[in-house]
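Fair warning: this is a prediction, and the values are worked out from it, not measured in the lab.
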Amino acid sequence: HRINGYCPDLFASDLPTTFEVLGEAKTGPDLERSRSHSQIKAFLDYLSLQPVGSLYLCVPPIFVARATEILRRLRTPDHSMVSTKVITLV
């Protein structure tokens with residue numbers, strides 16, 4: 001499922017669509033790339049148009065704070081109804 005030219009690592013929804021979940025995994029260096037920021041912004045924009053949307057960003061444990069800051073910076077008032085969560089796998 002492509003979203004504004006980007007393919008999320010995880011896409012889930014129910015049928016008929018009442019919610020959508022996107023997930024994206026990033027390494028530390030990848031998290032800092034402008035392409036990743038554009039991708040995350042595209043996912044937030046897309047989810048803001050859905051009835052209910054959630055974005056999960058998975059990063060290494062030492063990058064949770066940085067990922068949280070990037071999400072905070074990329075969010076706009078249009079994204080206020082999108083649930084976001086930074087997660088990590090250990």
Side-chain angles (χ1 to χ4, degrees):
H1 189 83
R2 286 210 166 285
I3 296 171
N4 201 16
Y6 300 103
C7 187
D9 293 325
L10 171 95
F11 175 85
S13 70
D14 61 346
L15 292 173
T17 303
T18 61
F19 75 91
E20 294 194 21
V21 176
L22 300 180
E24 188 63 25
K26 296 291 179 193
T27 63
D30 194 32
L31 187 61
E32 299 297 337
R33 291 189 174 97
S34 62
R35 181 187 186 285
S36 293
H37 295 183
S38 297
Q39 181 183 38
I40 292 166
K41 175 96 168 57
F43 294 164
L44 289 168
D45 289 344
Y46 171 81
L47 289 169
S48 71
L49 301 175
Q50 307 313 308
V52 177
S54 296
L55 175 64
Y56 291 86
L57 183 57
C58 184
V59 297
I62 63 170
F63 291 99
V64 169
R66 180 65 181 139
T68 301
E69 174 60 24
I70 288 170
L71 272 175
R72 187 195 62 73
R73 190 170 39 90
L74 293 174
R75 287 180 71 120
T76 68
D78 291 338
H79 305 140
S80 64
M81 298 304 291
V82 177
S83 169
T84 59
K85 179 82 175 166
V86 176
I87 61 172
T88 187
L89 299 176
V90 190

Indicate every side-chain donor-acceptor pair of residues 2-12 with a distance under 3.5 Å to a residue at least two apart or in another chain.
from: R2; atom 1: NH1; to: G5; atom 2: O; distance (Å): 3.1
from: D9; atom 1: OD2; to: A25; atom 2: N; distance (Å): 2.8

Self-check item: salt bridge (charged side-chain N to carboxylate O under 4.0 Å, His left out) contacts in which one or both residues fall within residues 45-54, not counting sequence neighbours
Solution: K41-D45
Exercise. Return yes if some donor-acceptor pair links the side-chain N/O of H37 with the main-chain N/O of L31 below 3.5 Å, else return no.
Key: yes
Name the atoms and distances for all side-chain donor-acceptor pairs under 3.5 Å in residues 14-23, with sequence neighbours left out.
from: D14; atom 1: OD1; to: T18; atom 2: N; distance (Å): 2.7
from: D14; atom 1: OD1; to: T18; atom 2: OG1; distance (Å): 3.2
from: D14; atom 1: OD1; to: F19; atom 2: N; distance (Å): 3.2
from: D14; atom 1: OD2; to: T18; atom 2: OG1; distance (Å): 2.4
from: T17; atom 1: OG1; to: D14; atom 2: O; distance (Å): 3.4
from: E20; atom 1: OE1; to: Y46; atom 2: OH; distance (Å): 2.5
from: E20; atom 1: OE2; to: Y46; atom 2: OH; distance (Å): 3.2

Quiz prompt | Sidechain N-carboxylate O distance under 4.0 Å for E69, R66 | solution = no
Self-check item: Under the salt bridge (charged side-chain N to carboxylate O under 4.0 Å, His left out) test, residues paired with R35 that sit two or more places apart
Solution: none
Quiz item: For the atom pair CD1 (I70) and CZ (F63), what is the distance rounded to the nearest 0.5 Å?
Solution: 9.5 Å
Quiz item: Out of curiosity, does Y56 fall in the hydrophobic cluster containing I40 (side-chain heavy atoms, cut-off under 4.5 Å, transitive links)?
Solution: no
List, one per line, each side-chain donor-acceptor pair under 3.5 Å for residues 80-90, sequence neighbours excluded.
from: S80; atom 1: OG; to: P77; atom 2: O; distance (Å): 3.2
from: T84; atom 1: OG1; to: R75; atom 2: NH1; distance (Å): 2.9
from: T88; atom 1: OG1; to: V59; atom 2: O; distance (Å): 2.8

Exercise. Could you tell me which residues satisfy side chain to side chain donor-acceptor pair (under 3.5 Å) with K26, sequence neighbours excluded, listed by chain and number?
Key: E24, D30, S36, Q39
